[in-house]
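All remarks here apply to the structure that follows.
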Amino acid sequence: KAGVTQTPRYLIKTRGQQVTLSCSPISGHRSVSWYQQTPGQGLQFLFEYFSETQRNKGNFPGRFSGRQFSNSRSEMNVSTLELGDSALYLCASSLVLTKGETQYFGPGTRLLVL
Amino acid sequence: AQTVTQSQPEMSVQEAETVTLSCTYDTSESDYYLFWYKQPPSRQMILVIRQEAYKQQNATENRFSVNFQKAAKSFSLKISDSQLGDAAMYFCAYTGRDDKIIFGKGTRLHILP
């Protein structure tokens, strides 16, 4: 089975722009989670989707949003980019939405905001 | 709020030796999961080992084992017979009632040949 894929892998944007990142989960996986990874804050949970519904959300401003499609693919959007949004954005998928379920991570999208 | 603390930002170990990475967490919940994830340089993060809080037996996966001390809220990872491929960033993580995964800041492990 193909693993979790994320596109694009690298992205450069300027402040004030918006960006959309895409995540395709492992075939058959219905849960997708997003994380932001920075050297200072480490890995922080953004949100989790299951069956096209947001089931959980981290402590991020409303500029960060996401959605999940019927084929379980997910996108996250960041509007009005700030320098501090520069990070590695990781997507992870799991078979179902069960506590303790193994999450499979994608390679990430590295976003640089200038 | 739950927290996960990894007190060792970096560690080094000689190839074939044993190393233990520390992790402590804080929670008032009784039903939760703990994980160790490995993130090799420029490669995808993968699950190394998982422990269910209600299971007293320490989890083991080949050369990787944990020392889970529930009362002390400690969850250390032991890597035996260290190999060059074990060089990576290791993250301790917790998930509880709200299903959010909380990660520690990570420990960068260097393997010395």
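Each chain gets a letter, A, B and so on, in the order the sequences are listed, and its residues count up from 1.
The OH atom of Tyr104(A) lies 8.0 Å from the CG atom of Leu47(B); values are rounded to the nearest 0.5 Å. From Asp98(B), atom CG reaches atom CZ of Phe45(A) across 8.0 Å, with rounding to the nearest 0.5 Å. Here the straight-line distance linking atom CD1 of Ile46(B) with atom CZ of Phe105(A) works out to 11.5 Å at 0.5 Å rounding.
Only the side chain of Tyr35(A) comes within less than 4.5 Å of a heavy atom in chain B; its backbone stays farther off. Within the 4.5 angstrom heavy-atom criterion, only backbone atoms of Arg97(B) (N, CA, C, O) approach chain A. When heavy atoms are compared at a cutoff of 4.5 Å, Ile101(B) approaches chain A by way of both its backbone and its side chain. Of the two parts of Lys100(B), the backbone and the side chain both hold a non-hydrogen atom closer than 4.5 Å to a non-hydrogen atom of chain A.
Here Gly96(B) is the residue among Gly104(B), Gly106(B), Gly96(B) with the most heavy-atom pairs under 4.5 Å with chain A. Put simply, of Lys105(B), Met89(B), Arg43(B), the one with the most heavy-atom pairs under 4.5 Å next to chain A is Lys105(B). Each of Gly108(A), Gly42(A), Gly106(A) has some count of heavy-atom pairs under 4.5 Å with chain B, and the biggest count is that of Gly106(A).
For CD of Gln57(B), the number of neighbouring non-hydrogen atoms (other residues, nucleotides, ligands) closer than 6.0 Å is 12 at most. In Asn59(A), the CG atom is not crowded: 12 or fewer heavy atoms of neighbouring residues, nucleotides or ligands sit closer than 6.0 Å. Surrounding CZ of Arg63(A) are more than 12 heavy atoms belonging to other residues, nucleotides or ligands, all under 6.0 Å away. For CZ of Arg108(B), the number of neighbouring non-hydrogen atoms (other residues, nucleotides, ligands) closer than 6.0 Å is 12 at most.
Among all heavy-atom pairs drawn from Glu101(A) and Arg50(B), the shortest one is C-NH1, 3.7 Å. The shortest non-hydrogen separation linking Leu43(A) to Met45(B) is CD1-CE, 3.7 Å.
Under the 4.5 Å side-chain heavy-atom criterion for ILVMFWY residues, a single connected hydrophobic cluster contains both Met11(B) and Val4(B). Residues Phe103(B) and Val48(B) do not share a hydrophobic cluster, defined by chaining ILVMFWY side chains whose heavy atoms lie under 4.5 Å apart. One hydrophobic cluster holds both Phe68(B) and Val19(B) under the rule that ILVMFWY side chains link at heavy-atom gaps under 4.5 Å. Val113(A) is connected to Val78(A) through a chain of hydrophobic side-chain contacts under 4.5 Å among Ile, Leu, Val, Met, Phe, Trp and Tyr, so both are in one cluster. Linking ILVMFWY residues whenever their side-chain heavy atoms come closer than 4.5 Å, directly or via other members, leaves Ile102(B) and Phe60(A) in distinct clusters.
With a 4.5 Å cut-off on side-chain heavy atoms, Leu90(A) and Gln39(B) count as touching. Using a 4.5 Å cut-off on side-chain heavy atoms (C-beta onward), Phe91(B) and Gln37(A) make contact.
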